[in-house]
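Input: a single structure, listed below in structure tokens.
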Amino acid sequence: MNSLSLHSLVPEHVRRFEPYTPSRPDPVLMRMYGVEHLHRLNNNENALGPPDAARLAIEAFHSERAAIYPSGDCFLLREALAERFGKLPEQFLVGNGSCEVITSVIKAFCGPGDNIVTADKTFAVYEWVAEFSGFEARLTPLRDYAFDPEAMLAAMDARTKIAFVCNPNNPTGTYWSEAALCAFMDAVDNRCIVVVDEAYLEYVDKPDFPDGMRLMERYPNLVVFRTFSKMYGLAALRIGYLCASQELVDMVRRTHIVYSVNTQAQAAAAAAIAADAGHIAATRRMVAEGRTILEGCFTRLGLEFVSGEGNYIMARAPLSDTLLYRKLMKRGIMVRTMTGFRFPNWIRVSLVQRPVMEEFCQVLEDVLGV
Ligand SMILES: *Cc1c(COP(=O)(O)O)cnc(C)c1O
């Protein structure tokens, strides 16, 4: 009988890949750190939760429906998206979080020897999916905390299939203006697919911020990612989508798992976009207020910080980020350590309601002993 040799069965690019360890469930963490409450400021979740219409849709789900498969291609949700954004339903592909559509796009366009280009300090999933799938991820340094178009163009070659641009960037909050994005699209000149990840678009209130869904009429190689995890407060239901030309979506669809999006997520998402203006306005007010409080706090404490768009802010810790994380956890506050994002000893903090932001500032002051 042979003994199992995983080493020879698993491809080198998988063996080399370091698995990501998600944080423990809140009750486990609270026991570990001996706290009665935990403020989650680590994942850029919307502290206001989902819009009321989405809450009703979730509550309207009857348990009998759990036995029935969901719509395999999110039929009604795609109709709602088409209506909301002035597109065709065929221009949308919905996934189990936008993380799933990242995977589907890479599978659709990359073959052996191909590569993707993105930044070194951005949402890491583009890089991770490329690498555990056996494709090179070419990472270009940020410039003034922003994606550097020249560096990305210089990194591209004939085997580059996709350029990923996170706009605004997680974690730095920087963004490309419409002029900057168009200049990049013109320079790429249809040589590869350009994905613009607009996970935080709904938080941005800047006149020069580009709407990828409009620009894709001009640039057939443009793909836009959006998610219901952030502004729409549906992170637990795992739902996000891409929008592109019908031909492009028809290609990506081939590599996409059907039935990956559950019934409750589809219903909640459709309800969430139907009338979202009030929810977006309330969330933006909360985030703006939180940003003012944290900027003041970091300034008072003399900490360097980077604050731009999105519902988060980064600051440089005067000690190891993991040590600061543990000290904050003992006081019931969870932040994101950024060493893994290649920002050694920085933390990222989600912007939530005023009382929690004020508590964070007080606790930070206490643990830094100032
Ligand atoms: C949070 C986030 C997403 C969302 O991922 P989901 O899989 O939809 O939850 C996508 N892109 C960026 C940049 C993010 O920060």
Side-chain angles (χ1 to χ4, degrees), residues 20 22-23 40-47 49-50 54 74 77 81 92-106 116 118-130 137 139 142 145-147 162-176 181 194-204 209-210 212 223-243 252 256-257 260-262 264-266 268-269 272-273 283 287 306 308-314 335-338 340-343 347-352:
Y20 176 77
S23 61
R40 301 178 52 88
L41 307 181
N42 62 324
N43 270 347
N44 301 341
E45 293 149 352
N46 188 342
C74 301
L77 173 59
L81 287 165
F92 294 92
L93 184 70
V94 186
N96 191 266
S98 47
C99 287
E100 193 191 31
V101 298
I102 296 174
T103 309
S104 301
V105 170
I106 289 177
I116 64 138
T118 187
D120 59 347
K121 295 173 179 124
T122 186
F123 193 56
V125 179
Y126 324 124
E127 171 191 343
W128 291 342
V129 174
L139 307 180
L142 297 183
Y145 295 110
F147 271 69
I162 312 168
F164 285 94
V165 180
C166 187
N167 209 41
N169 189 32
N170 173 10
T172 57
T174 52
Y175 69 94
W176 281 0
L181 177 58
V194 176
V195 168
V196 178
D197 184 347
E198 298 183 338
Y200 299 95
L201 160 117
E202 300 88 356
Y203 290 93
V204 185
F209 186 79
V223 176
V224 165
F225 285 3
R226 294 198 186 164
T227 180
F228 288 98
S229 298
K230 303 290 157 60
M231 177 58 83
Y232 294 103
L234 296 174
L237 296 185
R238 310 301 303 125
I239 181 163
Y241 61 95
L242 67 77
C243 180
V252 180
H256 192 70
I257 302 285
S260 69
V261 185
N262 68 74
Q264 256 182 321
Q266 294 184 34
I273 51 163
T283 304
V287 168
V306 178
E309 307 305 315
N311 60 339
Y312 44 85
I313 186 167
M314 282 177 62
V335 298
R336 169 69 57 160
T337 55
M338 297 301 289
F341 270 82
R342 303 191 176 92
F343 278 106
I347 56 166
R348 190 193 63 202
V349 187
S350 306
L351 300 169
V352 303

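Order of appearance sets the numbers: ligands from 1, and atoms from 1 within every ligand.
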Query - R336 and N44 side chains, donor-acceptor separation under 3.5 Å - result: no

Query - Y232 and F228 aromatic ring geometry - parallel, tilted or perpendicular at 30°/60° bounds - result: tilted

Query - Numbered atoms and elements of ligand 1 in range of C166, under 4.0 angstrom, heavy atoms - result: 13 (C)

**Report entry** Working for side chain to side chain contact (heavy atoms under 4.5 Å, CB included), residues C243 and L81
**Finding:** CA-CA 9 Å; C243 180; L81 287 165; over 6 Å; no

**Report entry** Step-by-step side chain to side chain contact (heavy atoms under 4.5 Å, CB included) determination, L77 to I239
**Finding:** CA-CA 11 Å; L77 173 59; I239 181 163; 3.5 Å; yes

Query raised in the report: Tell me, which protein residue and heavy-atom name are nearest atom 7 (O) of ligand 1, and how many Å apart are they?
Result: R238 NH2, 2.8 Å

Query - Proximity to ligand 1 by part of Y200, non-hydrogen separation under 4.0 Å - result: side chain

Query raised in the report: atom 5 (O) of ligand 1: which of G95, S98, A236 has the nearest heavy atom?
Result: S98

Report task. Could you tell me the residue and atom name of the protein heavy atom closest to atom 2 (C) of ligand 1, and the distance to it rounded to 0.1 Å? Result -> K230 NZ, 2.4 Å

Query raised in the report: What residue and atom, counting heavy atoms only, is the protein's closest point to atom 11 (N) of ligand 1, and at what distance?
Result: D197 OD2, 2.7 Å

Query raised in the report: Side chains of N169 and T122: is there a donor and an acceptor less than 3.5 Å apart?
Result: yes

Report task. State whether the shortest distance between N or O atoms of G97 and N or O atoms of ligand 1 falls below 3.5 angstrom. Result -> no

Report task. Could you go through the side chain to side chain contact (heavy atoms under 4.5 Å, CB included) check for I102 and F123 one step at a time? Result -> CA-CA 11 Å; I102 296 174; F123 193 56; 4.0 Å; yes

Requested in this report: Output the list of atoms in ligand 1 that are nearer than 4.0 Å to some heavy atom of S229, sorted by atom number.
Outcome: 6 (P), 8 (O), 9 (O)

Report summary line: So for E100 against ligand 1, with non-hydrogen atoms under 4.0 Å, the contacting part is neither

Report task. For the residue pair Y203 and E309, establish whether any side-chain heavy-atom pair is separated by less than 4.5 Å. Result -> no

